[in-house]
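Just so you know, these numbers come straight off a predicted model, no measurement behind them.
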Protein chains: 2
Amino acid sequence: MDTNDQGSSAAAPRPTVQDVARALGVSTATVSRALSGSPNVSTATREKVMRGAAQLGYQPNVLARALRQERSSLVGLVVPDVRSDFFAAASSVLQRALEEHGFRLILGITGDDPDADRDYLVTLLQHRAEGIVHVPCTDEGAAPLLGGVPTPPPVVEFLRQSRSNVADTVVSNEREGARQLAEHLIAFGHRRLAVLAGPDRFSTTRDRVGGFVDGADAHGLEVEVRYGLYDHDWTHRETLTLMAGDAETRPTALFAAGNRLVSGALQALSELGLRVPADVSLVGADDPDWFRGCTPSVTTFAAPLEQMGLVAAQTLLGRMRPKGRQPRVGPIHALLGGQLIVRGSSGPPAAGA
Amino acid sequence: MDTNDQGSSAAAPRPTVQDVARALGVSTATVSRALSGSPNVSTATREKVMRGAAQLGYQPNVLARALRQERSSLVGLVVPDVRSDFFAAASSVLQRALEEHGFRLILGITGDDPDADRDYLVTLLQHRAEGIVHVPCTDEGAAPLLGGVPTPPPVVEFLRQSRSNVADTVVSNEREGARQLAEHLIAFGHRRLAVLAGPDRFSTTRDRVGGFVDGADAHGLEVEVRYGLYDHDWTHRETLTLMAGDAETRPTALFAAGNRLVSGALQALSELGLRVPADVSLVGADDPDWFRGCTPSVTTFAAPLEQMGLVAAQTLLGRMRPKGRQPRVGPIHALLGGQLIVRGSSGPPAAGA
DNA sequence: CTGTTAGCGCATTCAA
DNA sequence: TTGAATGCGCTAACAG
């Protein structure tokens, strides 16, 4: 039917500025100028070059350009996992914002593995990325690695923050959000509270748990906390054991501190025959669409992800393209407030409890 | 507290092979050889170079290397939207597979906008990407663009396929899956079926709708089809109108042909006071974790995303690194079967209907 | 307005 | 085993 010229064909080399120049009888400099929109070219020449380039299927080699200009126009994005709405939403906003300024994103997915994290940061250095958006998965963050390199690119820590106070950070106020969730539950009359959370090596985990415990503490209440993974199956199993007790002693309200945890908890509660919120209230974190589709819909605390993506982009752009003579300002820490969204999954405890 | 040296500092240049060479009193060639693990270097020299490089915080400039070697080690991934589990799951598998072979991913999110799609493909050409994984959002795919360029990189169409038969494709058998869903519902006794689907310019949409209609057709049944968007809110609204009729005429079973559609439909059904599956059965597509957490859990047809990612990676690798003298084989079309997963959201229709 | 030249950082000939 | 020299494709000086 048709020829598939992919792969191992005769390898006709891609045309270069030289080819274009030769074909049109002009110099490479003229071609370069015409293509990059320099004002120092006559309109006639410019059009001729444009046409000639298109004719030959010329595409500038941005590697060569970057090498010459010492600007790669690449921004690195290092995240644990694009499968989570929490990260996915933010990365798409980030991408849009940075592309408007001519940067391309190069993606690294670490799976929260510190080694992978390190590898990606190294790769980004090697690609001469001009900036890095980093969701750290250790308390050190990128600092130890970047410390040894002259003129490292600016880093914005996003969503989570490391403990090394060198990078700019853009995070949401998860602590306050979790406190509000606790208040919300306690106002309904709940007294036996529990939290299911991810690994406590992440700042978000610590903030969520800490805020929730604070909120309970203000009312003299204890909270049962279980750390584990940001994973549906882990939460599923953990909820089964947590709620196995009888109605007089088991928690009457549950905080699943992440959206993957919510789905796991919901599955377990359903299997245990416990009704939400009649038998147990459930509150979550983040706000994927399906929180509204669930029966009951899920009460949660939502960070302003879009806005955070924008702020992160702005912060990074400010470092990458300093306008005027900026007096080299210290780390910027943006803490954005989120929103408590009350839905059907939270309510008063059963009378018997 | 600490100095933030990010951004506009004195701009100490990053060390190059020359710097390393000079510092150690050897030639650049030796440094290059030592760092790239050439066998033609004495062990002593190699170690000396390694240490010296580390000392200076040297990181190879992969742009220069790529320029010289004419191998960028970049693979482009062009997807509509990383927020969907459908795409996110696949991209993380893809990434793992390609990285094992030394490729890095450069990401483009198109939002299903044909212009953005084109822009990314151009960018990838300019970055001399060695291969492209493309989720096309038009029937033409990448063919018209790549046609004008000498030695274009190999392209694998992923998840969806365009109508131009030049690229390799890796897709799941959505048509068969949808047919099975129809059979499943009809076996329960449903006779009034409806489909909510995304835009019909995507092959997946057409396959899902087509397969479902085929399945119904085999039993002499009509299906009400509504095309729209892969979007929670659209489905929410559409379901409200679709199910507004009385119990004798409205559909008794609904196929929401995408996971974002399922959450919208669930929300609407809940608001209408319709119980699933007692009043209406709902089946979906894809299989995000939360399908198991919902009450009721969602019956669906799931594509083997992980496997598809692997196959796509293999296919692309075969084109990028042809082993031996491969006789330039024509387009490969991989069609992978998925799995019908029966859960709680489907059941027999109410007696009255 | 256009052409000539040089060099970004690296890997690779070819000689020694 | 090592060094000197060349060029990947491009843009930025500097001339004309």
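The 12-atom threshold is not exceeded at CD of B:Q55, counting heavy atoms of other residues, nucleotides or ligands nearer than 6.0 Å.
Taking atom CZ on A:R68 and atom P on C:dC10, their separation rounds to 16 Å, with Å as the unit. Distance CZ (B:R14) to C1' (C:dC10): 16 Å, rounded to an integer number of Å. Protein atom CG of B:L63 is 11 Å distant from nucleotide atom C1' of C:dC10, rounded to whole Å. Here the C1' atom of nucleotide D:dG3 and the CZ atom of B:R22 are 16 Å apart, to the nearest Å. A:E70 has its CD atom 12 Å from the P atom of D:dA13, to the nearest Å. The NZ-C1' distance, from A:K48 to C:dC1, rounds to 12 Å in whole Å. Remark: P of D:dT6 and CG of B:L67 are 18 Å apart, rounded to the nearest angstrom. Residue B:Q18 contributes atom CD, which lies 13 Å from atom P of D:dA5 at whole-angstrom precision.
The nucleotide whose nearest atom lies closest to any side-chain atom of B:R65 is, among C:dC8, C:dT5, C:dC10, C:dC10. With distances taken from any side-chain atom of A:S42 to the nucleotides C:dT2, D:dC8, D:dC10, the minimum falls on C:dT2. Counting only heavy atoms from C-beta on, A:T28 has its side chain closest to C:dT5 among C:dT5, D:dG3, C:dG9. When the nucleotides D:dA12, C:dT2, C:dT12 are ranked by their closest atom to the side chain of B:A29, C:dT12 comes out on top.
Residue B:V26 is in sugar-phosphate contact alone, with no base atom involved, counting any heavy-atom pair closer than 4.0 Å across all strands shown. Residue A:N40 is in base contact, counting any heavy-atom pair closer than 4.0 Å across all strands shown. At a threshold of 4.0 angstrom between heavy atoms, the contacts of A:T45 are confined to the sugar-phosphate backbone, with no base atom among them. Using a 4.0 Å heavy-atom cutoff across all strands shown, B:T16 reaches sugar-phosphate atoms only and no base atom.
Contact annotation: A:T30 side-chain N/O to C:dG3 OP1/OP2 distance is under 4.0 Å.
Comment: A:E99 engages A:R104 in a salt bridge, judged by a side-chain N to carboxylate O separation of less than 4.0 angstrom. Under 4.0 Å is where a charged nitrogen must lie from a carboxylate oxygen, and between A:R22 and A:D19 at least one such pair does.
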* Asked: For B:S162 and B:S164, what are the C-alpha separation, side-chain angles and deciding distance, and is it a side-chain hydrogen bond (donor to acceptor under 3.5 Å, both in side chains)?
  -> CA-CA 6 Å; B:S162 73; B:S164 75; 3.2 Å; yes
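The residue among B:Q69 and A:S36 whose nearest nucleotide of DNA chain D is located toward the 5' end is B:Q69. Both A:V41 and B:L35 sit near DNA chain C, but only A:V41 has its closest nucleotide nearer the 5' end.
In the interface, the side chain of A:R33 is paired with the base of C:dG3 through a donor and an acceptor atom under 3.5 Å apart.
When all heavy atoms are compared, the tightest approach of A:D168 to A:G330 is OD1-O, 4.3 Å.
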